[in-house]
Amino acid sequence: QVQLVESGGGLVQAGDSLRLSCAVSGRTFNTMAWFRQAPGKEREFVAAHRWSSTTIRYSDSVKGRFTISRDNAKNTAYLQMNSLKPEDAAVYYCAASTNPFSAPVMINGYDYWGQGTQVTVSS
């Protein structure tokens, strides 16, 4: 049974940092990603990491502030979020893809999803 479980969300002030974790069980994945969804908005791409090609992608809105990483020994993906802004507030979702060739930025490029962890940023 494949499961992705996010943790690490919380309430922070603008300028603070958080590290989100995504614990994966059941199998390993070449491509892991993070998406987020604010109330009333569509889910949007944040970051993706493809291990085999060392490919890392970031949304322009988070580039330079967020870092995606993985610990394969723990089968866990991370999203380090620095210099958080109020517009970063959202439910953050971990995603995994079985696609062997790419690190997608589209929602339909991912096969498995966590249930999300809430990040709230106050100004």
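Numbering starts at 1 and runs along the sequence shown. We use all heavy atoms of the structure for the numbers below, so side chains are in, but hydrogens, waters and symmetry mates are not.
The main-chain N or O of Gln115 is found under 3.5 Å from a side-chain atom of Glu6 such that the two form a donor-acceptor pair. Proximity of a side-chain donor or acceptor of Gln80 to a complementary backbone N or O of Thr67 within less than 3.5 Å is not detected. Asp88 contributes a side-chain N or O that, together with a main-chain N or O of Lys85, makes up a donor-acceptor pair within less than 3.5 Å. One N or O on the side chain of Asn30 and one on the backbone of Ser52 form a donor-acceptor pair closer than 3.5 Å. Thr76 places a side-chain N or O within donor-acceptor distance of the main-chain N or O of Lys74, the cut-off being under 3.5 Å.
A continuous path of hydrophobic side-chain contacts links Leu20 to Val12 [ILVMFWY only; heavy atoms under 4.5 Å]. No single ILVMFWY cluster, assembled from side-chain heavy atoms under 4.5 Å apart, contains both Leu84 and Leu11. Criterion: ILVMFWY side-chain heavy atoms under 4.5 Å apart, direct or through other members. Under it, Trp34 and Leu4 are not part of a common hydrophobic cluster. In this structure, Val24 is not a member of the same hydrophobic cluster as Ile68, with clusters built from ILVMFWY side-chain heavy atoms closer than 4.5 Å.
Residues Tyr110 and Ala103 share a closest heavy-atom pair of OH-C, 4.0 Å. Here the shortest heavy-atom pairing between Ala48 and Pro104 reads CB-O, 4.1 Å. For Ser53 against Thr55, the heavy-atom pair with the smallest separation is OG-OG1, 2.7 Å. Of all non-hydrogen atoms in Ala14 and Pro86, the two that sit nearest each other are CB-CD, 4.1 Å. Closest heavy-atom contact between Ser17 and Ser83: OG-N, 4.2 Å.
Distance CD/Gln37 to CD/Gln118: 11.0 Å, rounded to 0.5 Å. The SG atom of Cys94 lies 3.5 Å from the CE atom of Met32; values are rounded to the nearest 0.5 Å. If you take CZ on Arg36 and NZ on Lys41, they are separated by 8.5 Å, rounding to the nearest 0.5 Å. Remark: Arg70 CZ to Thr28 OG1 distance equals 8.0 Å, nearest 0.5 Å. Annotation: the span from Arg19 atom CZ to Ser69 atom OG amounts to 7.0 Å, rounded to 0.5 Å.
Contact of the Phe66 side chain with the Leu18 side chain is not registered, since no non-hydrogen atoms from C-beta on lie closer than 4.5 Å. Inter-residue side-chain proximity for Val105 and Arg57 is flagged as met; some heavy-atom pair is nearer than 4.5 Å. Thr31 is not listed as a side-chain neighbour of Trp51, based on a closest heavy-atom distance of 4.5 Å or more. Residues Val119 and Met81 are in side-chain contact: their nearest non-hydrogen atoms beyond the backbone lie under 4.5 Å apart.
Looking at residues two or more places apart in sequence or on another chain, you find no ring-ring contact (aromatic ring centres under 6.0 Å, His included) involving Tyr92. Contacts of Thr98 classified as side chain to side chain contact (heavy atoms under 4.5 Å, CB included), with partners at least two apart in sequence or in another chain: Arg27, Phe29, Asp111, Tyr112.
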- request: Step by step, work out the side-chain contact (heavy atoms from CB on, under 4.5 Å) result for Thr117 and Val91.
  value: CA-CA 5 Å; Thr117 185; Val91 176; over 6 Å; no
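Taking the six-membered ring for Trp and the full ring otherwise, Tyr93 and Phe35 have centroids separated by 6.0 Å or more.
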